[in-house]
Amino acid sequence: MTKVASFEIHYTQYLDASGEAVAELPGFARDPAALIPLYRAMVLTRRFDAKAIALQRTGRLGTYASSLGQEAVTVGLAAAMRPEDVLLPTYRESGAQLWRGVRPDELLLYWGGDERGSDFAGPRGDFPVAVPVASQCLHAVGVAYAKMVQKEPGAAVCVCGDGATSNGAFYEAINCAGVWRVPAVFVVNNNQWAISLPRSAQTAAGTLAQKAIAAGIPGIQVDGNDVIAVRDTVEQALARGRAGEGPSVIEALTYRLTDHTTADDAGRYRDAEAVSGQWAKDPIARLRTHLTAAGAWTKNAEERLIDEINAEIDAAVERYLATPPQPPESMFDHLYAQLPAAFAEQRIAASRGGDHG
Ligand SMILES: Cc1ncc(C[n+]2csc(CCOP(=O)(O)OP(=O)(O)O)c2C)c(N)n1
Ligand SMILES: [Mg+2]
């Protein structure tokens, strides 16, 4: 017998769970002050999540998907991107959207069921939240392919979950991306759960990153609770994409510290102790410890930051709550450039407040 193929999957980590550097830091991370924007963005994401959940619990927001514990994935990948890149997010990427310039009140509008929240003022090229699992992976290939043939700068950055990697759309997307060598980066936010299905029951594959190997593209694993590692890994993958070296899959290992969404009760299917043990890997505490040890962060700075972020979020909530709701017929306005005749009739019926037909 002759060995015809073999592969290795590499894992990247710079800061361990205690905030200690375990490898030489990449260039952008050597000046601790330069890491403060990443820290701020993770804290903002966590505060935004908490506020969104409070609004949902008091009947002022629809279902919301928190990224508690996964802030380093969502902020790290966005920090690696350039403005001309295109983000194709799932419903768990508030942090990336906020970093990219979507306003918190626009995100609240979206989660409040108002489509104008997806028509954000900027970044105009980014996609809205994709709820159909893995659908955005296919869109990402299209975006990256278009950029390639039109010789436009930038790459597509697609985010999906561990569960999404079992979906056919994920395999089809990475397969096409590999064949066409498009500038796309697929970041798999492996938070270990797909609603109530644990990673162990999701797939027999040893890693999710190795799924890339079958598509002929690099697959790597990164500590998803280490924002430096996430940013660095995505930056390198984007650099390869820009250099015409094709797509990559990055599996970011993290943990969903709370319910799947506000419509879920994770206490019914997972052990509270196993969850609380995961707090030891909290990405925010990890970076704070690192910054504090480097003399770049203090208790005062933390207090000022929290005050500033609370004020920013409160102002966004006010703007959101003060936005007059759209009339019911607006539900027809955001899918088609030109409304098909049957829907046009329904739109008129809805605007009259009556029954169709
Ligand atoms: C095509 C499709 N099937 C099923 C669902 C219902 N659903 C919503 S989220 C989810 C689990 C996704 O898990 P994962 O990809 O790990 O992402 P996570 O929610 O953990 O971030 C499922 C099955 C859906 N939205 N789309
Ligand atoms: Mg998941």
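When a residue number appears, it is its place in the shown sequence, counting from 1. Keep in mind the model is a prediction, meaning the values are calculated, not measured. FYI, side chains are in, hydrogens and waters are out, and symmetry mates aren't considered; it's all heavy atoms of this structure. Indexing begins at 1, ligand by ligand and atom by atom, following the structure's order.
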Using side-chain heavy atoms (C-beta onward) and a distance below 4.5 Å, is [X] in contact with [Y]?
| X | Y | result |
| --- | --- | --- |
| Asn300 | Glu303 | yes |
| Val75 | Leu98 | no |
| Arg46 | Pro283 | yes |

Between ligand 1 and the protein, tabulate every N or O atom pair separated by less than 3.5 Å, reporting distance only.
residue  : atom   : partner : partner atom : Å
ligand 1 : 15 (O) : Gly163  : N            : 3.2
ligand 1 : 15 (O) : Ala164  : N            : 2.9
ligand 1 : 16 (O) : Asp162  : N            : 3.3
ligand 1 : 16 (O) : Asp162  : OD1          : 2.9
ligand 1 : 16 (O) : Gly163  : N            : 2.8
ligand 1 : 16 (O) : Trp193  : O            : 3.2
ligand 1 : 17 (O) : Tyr91   : OH           : 3.3
ligand 1 : 19 (O) : Tyr91   : OH           : 2.6
ligand 1 : 19 (O) : Arg92   : NH2          : 2.7
ligand 1 : 19 (O) : His260  : ND1          : 3.4
ligand 1 : 20 (O) : Asn191  : OD1          : 3.1
ligand 1 : 20 (O) : Asn191  : ND2          : 2.9
ligand 1 : 20 (O) : Trp193  : O            : 2.7
ligand 1 : 21 (O) : Arg92   : NE           : 2.7
ligand 1 : 21 (O) : Asn191  : ND2          : 3.4
ligand 1 : 25 (N) : Val131  : O            : 3.0
ligand 1 : 26 (N) : Val133  : N            : 3.0

Nearest heavy-atom contact between Asp226 and Leu15 is OD2-N, 2.7 Å

Given atoms OD1 of Asp162 and O of Trp193, what angle do they subtend at the Mg ion (ligand 2), to the nearest 10 degrees?
110°

Decide, counting backbone as well as side-chain atoms, whether Gln192 has an N, O or S atom less than 2.8 Å from the Mg ion (ligand 2).
no

Parallel, tilted or perpendicular, judged at 30° and 60°: which one describes the rings of Trp111 and Tyr64?
perpendicular

Under the ring pair (Phe, Tyr, Trp, His ring centres under 6.0 Å) definition, can you give me all pairs with a residue in residues 276-297, not counting sequence neighbours?
Tyr39-Trp297

Evaluate the criterion side-chain contact (heavy atoms from CB on, under 4.5 Å) for residue pair Leu77 and Glu93; output intermediate values, then yes/no.
CA-CA 10 Å; Leu77 70 91; Glu93 302 308 323; 4.1 Å; yes

